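Just so you know, these numbers come straight off a predicted model, no measurement behind them.
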Amino acid sequence: MQGLTWPARRTACGATAGLHRSRLRGPAPEFSEYRLYRQGDDLRRLDWKLLARTEKAFLRLADDRAVLGTMLVVDGSASMAFPEGDRSKWQHAGTLALGLAACARNGGDPVGLVASGRILPLRTRRGVLSEMARALEAAPSGIWRLPDVLWPRRVALVSDFLDDDAVLARRAAEHIVAGGEVFAIHVVAREELDPDGTILAVDPEHDDVRRALGPETRDAYRRTFDAWRASVAARWRGMGAVYHETVTADDPGTVIRRIVRRP
Amino acid sequence: MTFQAIGYLWAALLASGVIVALHFLARRRPRAVPLPTARFVPDRAVRAPARHRRPSDRVLLTLRVSALLLLGLAFARPSWPGARQPVAQITIGDSVATFSAAFAAALRASASPRADSIALSIAMPLTRDRWDAATSLWRAQWPGRVRVVHAEVRRRGGTAAVIWPNESESGELRGVVIGDIATVGVFGRLELPAGTPVAFWHDGTPAAVEVAVNDACVRHIGFVPMGDVALRPSYRRLAERLQRPCGEVLADSMSLDSVQIALLEGTGGPAAVADLPPAFPPSRPPVILILLGALALGVEQLMRRRPA
C-alpha cells in the first residue's frame, strides 16, 4: 500500500492540518479568494499590499486542509470464521482493514480499529498499524459494536452482514446524514457462493438451522443468496454509503485500490 | 456342531440379510458442514435417498451383522460333537429327602453327559415319607423308564452312639426332616463325615449320618438348635427318633404301594436326551461368552454410529 492514499469523498471538517480539503478557510499558502474585511477578522490575514493599492481592506483566503479520522470496524461474529483455515472471511476482512488503515495512514489520517472486542482509538503514531495487526491476529469473538462516541468522519464496516444489524444500519444512516462517510465492505466466502457436494449445511450462529444442500436445492440456494446480496447492496447504497462486495478469493490489494479510488 | 434351537440362528441370518440390504439402500445423511449462509438453503428433507453399489459404512455393517449372528448363535445353544455314548447312566442314591428331589437332581445331571439317551436309576427307601405332592409332577418331566431300587432300611438293632454337636457360631432358618417328622427353626449347620443319611435338611442334603461300627453304630448330628427350637415338641420327637437303635430311625415310615411304585418306574426305555425338558441345563460358559461378545459388538456399533 506504499504511496497509496485514501482521499475523502466530501470536504473534511477539522482544525488539524491534513491532506483533505476542509470546509474551513484558513491561512494556508494555497490562495483561494479575497473577502472584504469584517469587524472581528484577524488583522494578520489582511492583504496589506492590496489595501495600499485600493484603499480597501481585503482578507486573503485560502482552502484549508484537514485530516480525516478513519475507524475500521471488522465483524467478529462466528460466521466470519468460515471457512476454516487461512482463507476465512475473518482473515480476508482483517487484511482489507489493515490495508485500508495503511492507505489512510499514508495520508496522515488518524486510524482506529474495532475488532474482536478490542477498540483501538484514533491514532496517528507510527506503530498504530502494528497494533492493529496484533489485534486482528485474535480469533473472531463476536463483538463488533462501535460506541457512538467513536464514530469519526469516516467509518469502514467490514462484514458479511449476515447479522442484519438494524441498529448499526440506522446509526450509519444518521452518520451519513450528518456529513460522515461510511464504507460498507461486504465479505463473501467463495465456498458460500458455490458450496461443494451434498452437505448438511449448519449455521454456526444458529444451531437449529440445518438444511440439506444438494443438487436439488443448490440452484434455489444460489438464487436466494444472490437476491439477498443485491438487497444488502441496495440498502447500503440507498442510505448513501459506499458499498463494495469482495470474495475471499479476491486479491486484497486489488480490492483496496478499488475502495480507495478517488471518486 | 449341533444346535438345540436352530431357529434362532436362521432368524439371525435373515435379520443380517435385512441389515445388509438396508446398508445398500440406506438413505445417506449428508455430512454436517458449517455454512453461515445455510438460511438461504430451502428447508427440505434433511436425508437424501441414495442407492449404492457398495454398502455404506462397511465397518458398521460388519459390527451389526456380527452382533446379530453371535446373538442368534447364543440363543441357538450350540454344542460341539464329542465322544457320545448311546446310553448314559445316572444313579440317584439315598442322599435326597424325597422322590421330587431325586428327579430334580436327575434332570440337572442330564445336562452334562454326552449321550443319546439316559438311563435313570433311583436307589432309595420306598417309604411314603419320601413321596410328596410334587412327586408325580416331577416324574412326568422324566420321559423314559426309571429303574427303582428299594434301599432297605437296615435293622441291625445295635446300640447307637449319638454325637450331638455342642454349639454353632451362627444359625439360619432351616428345616430338618426325619421320616414323617419335620421341624423348622433357627439351626446351626455343621460338616458331617461320610455315612448313611438318617436326617435331612429341607433342601435334601443330609443333616445327620450313621456310621456302622461292628454291631453298633455312631450317629453324627449336623444341626444345632438355636434359641427355643430345642423346646419345641417337634424337635423333641425328632431328637427322640435319633436316639433309637441303629437302623430304626426311619422305621416308622410306611412303604409305597404298588401303584406309586409303578408310577415311579414308568414305561419305555431310557429317556432320549432330545425329549428331556431344557429348563434345567445350566448356562454354558461358551453361550455366556457369545452373548457378551454380541453385547460388546452392539455397544461398539452404537459408538460408531454416525451422529445425527
> Can you check whether A/Leu162's main-chain N or O pairs, donor with acceptor, with B/Arg39's side chain at less than 3.5 Å?
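It does hold such a pair.
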
> Does a sphere of radius 6.0 Å around OH in A/Tyr243 hold more than 12 heavy atoms from other residues, nucleotides or ligands, not counting ones at 6.0 Å or beyond?
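Yes, the 6.0 Å shell around OH holds more than 12 heavy atoms from other groups.
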
> Under 4.5 Å from any heavy atom of chain B, what part of A/Glu84 do you find: side chain, backbone, both or neither?
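For A/Glu84, neither part sits under 4.5 Å from chain B.
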
> Under a 4.5 Å heavy-atom cutoff, which of A/Thr217, A/Asp160, A/Val202, A/Thr224 has the most pairs with chain B?
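Of the options given, most contacts go to A/Val202.
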
> If you count every heavy atom of other residues, nucleotides or ligands that lies below 6.0 Å from A/Phe225 atom CZ, does the total exceed 12?
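Result for CZ/A/Phe225: enclosed.
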
> Could you tell me which non-hydrogen atom of A/Ala220 sits nearest to which non-hydrogen atom of B/Pro42, and how far apart they are?
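What the structure gives for the nearest pair is CB-CG, 3.5 Å.
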
> I need the B/Thr37 OG1 to A/Tyr221 OH distance, nearest 0.5 Å.
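With rounding to 0.5 Å, OG1 (B/Thr37) is 2.5 Å from OH (A/Tyr221).
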
> A quick test of your reading: do over 12 heavy atoms of other residues, nucleotides or ligands sit less than 6.0 Å from CZ of B/Arg174?
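Yes.
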
> Checking B/Val33 now: which residues fulfil side-chain contact (heavy atoms from CB on, under 4.5 Å) with it, not counting sequence neighbours?
A/Ile199, B/Arg31

> Within the supplied structure, the quantity of interest is the number of heavy atoms (other residues, nucleotides, ligands) at a distance under 6.0 Å from A/Arg222 CZ; does it exceed 12?
yes

> Please indicate whether A/Asp86 has more than 12 foreign heavy atoms, meaning atoms of other residues, nucleotides or ligands, lying under 6.0 Å from its CG.
no

> If we only count heavy atoms from C-beta on, is the B/Leu35 to A/Arg211 side-chain gap below 4.5 Å?
no

> To the nearest 0.5 Å, tell me how far A/Asp226 CG sits from B/Phe40 CZ.
10.0 Å

